[in-house]
Number of protein chains: 2
Amino acid sequence: METAQLSRKDQIDQTATALFRTRGFAATSMRELAAALGMEAGSIYSHIRSKEELLHRICFRLAEEFFAGFDQASADDALPAAPRLRRAVESHVRVLTTDVAASAVFLHEWRHLSEPARTEFLALRERYEAGFRELIAEGAAAGELYAPDPAFAALTLLASLNWLPSWYRPGGSFTPPDIAHRLANQLLFGLEVRGN
Amino acid sequence: METAQLSRKDQIDQTATALFRTRGFAATSMRELAAALGMEAGSIYSHIRSKEELLHRICFRLAEEFFAGFDQASADDALPAAPRLRRAVESHVRVLTTDVAASAVFLHEWRHLSEPARTEFLALRERYEAGFRELIAEGAAAGELYAPDPAFAALTLLASLNWLPSWYRPGGSFTPPDIAHRLANQLLFGLEVRGN
DNA sequence: CCTACCGATCGGTAGG
DNA sequence: CCTACCGATCGGTAGG
């Protein structure tokens, strides 16, 4: 346990993230969470208001991290679209690997958010996808990328990346930058115009 | 409702699949399922033994369908590995689009299976992935495909395909064969050796 | 942070 | 296939 210097609230967030990931939000009880933290179920409520607040915080924090990474990666206007897309892919992989458990929750448990949070969340995700779509469309218009349908290409690209939390294990044979590089290569070689 | 000629048990399976997909297995109650079927919760148990039996049947039925499709696609020994891989990709997409709801449950809800079913299921999935891995390795060894790490390539490939149920809607602008073709192209152009 | 508890809901069964 | 019910567990609160 290296959680010694975390605040109690951060400990709760972290433990909840791990449980929501492995057992799912709905199947995780507050009593289970409490037991994992070495306390009683009722005591958790002096730190949080509801179970859903935990999920809400995880989902929206990750959304912010994905956006921050993307904005930084795609901001450089001097760069062509293809290398900016590569940087955006690497940023996405960095967020995924830095916080695998939270990413898995972000990707799979958001549907347990109640309204209006759920609709807000989906709007954020759509905006994020649109960023990739536009980058790909820009690269296609400039002849840098081969993508007859940028929307389709963006979905497939993000799909390949988002499956990562389901097999990635920290400390495995691939390091995060290694994974980012390999994924970007595998995906972009399929997008780049050949022999041009 | 076109479920008129389905047996009551098939109606239960079908409705359960739809609910497990949209709300998740754990968050779906038997009373909800009963209401969707126009009956009382207790009455369902004259057709099934338990809630988990429903999940079990969905997961293992889909596993069979994926295997049957793969075996047929990859069986032709006269064909090089690359076109057999393309056929396997198309088969995978066919299963996914033919039965989107069940596929989504197969992909995301299997972890709610209790032992030993859960371990059995994971073994099946691993065997399926191995099929793709070996096809890619074979193609790489023959110089047909560019895949420095077949295991990594197989994971990325299946990832791109498996995200499909999260955005595919029957009756959208893409037909299933269209999707299969585009996905195979986008993925294989990234794998094929260029200018060879 | 704990004890003790609330009303609601869960999966499942008995008996008809 | 329904009515009526079982014990267990749920998220959350009051009072200290």
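Letters A, B, ... are given to chains in the order of the sequence lines, protein chains preceding strands, and every chain is numbered from 1. None of these values were measured; they are calculated from a predicted model.
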Side-chain ion pair, B/R84 and B/D76, N-O less than 4.0 Å: no

Over the length of the helix from C/dC1-D/dG16 to C/dG16-D/dC1, how much do the five-pair end axes diverge, rounded to 10 degrees? 0°

Looking only at the side chain of A/E40 (C-beta and beyond, no hydrogens), which of the listed nucleotides C/dG11, C/dC2, D/dG12 gets closest? C/dC2

Of D/dG12, C/dT3, D/dC1, the nucleotide closest to the side chain of B/R8 is D/dC1

Can a side chain N or O of A/Y45 be found less than 4.0 Å away from OP1 or OP2 on D/dT13? no

Between D/dC1 and B/S46, is there an OP1 or OP2 to side-chain N/O distance shorter than 4.0 Å? no

Protein-nucleotide distance ([X], atom [atom1]; [N], atom [atom2]), rounded to Å:
| X | N | atom1 | atom2 | value |
| --- | --- | --- | --- | --- |
| A/E53 | D/dG11 | CD | P | 15 Å |
| A/M39 | C/dT3 | CE | C1' | 14 Å |
| A/L54 | D/dG11 | CG | P | 11 Å |

Parallel, tilted or perpendicular: rings of [Y] and [X] (30°, 60°):
| X | Y | result |
| --- | --- | --- |
| B/H92 | B/F132 | perpendicular |
| A/F60 | A/H56 | parallel |
| B/W110 | B/F121 | parallel |
| A/F66 | A/Y128 | tilted |

Using a 6.0 Å cut-off, check whether atom CD of A/Q72 has over 12 heavy atoms from anything other than its own residue. no

For residues A/E32 and A/T28, is any side-chain donor paired with an opposing acceptor at under 3.5 Å? no

What residues from residues 21-37 of chain A pass a heavy-atom cutoff of under 4.0 Å to DNA chain D? A/T28, A/S29, A/M30, A/R31

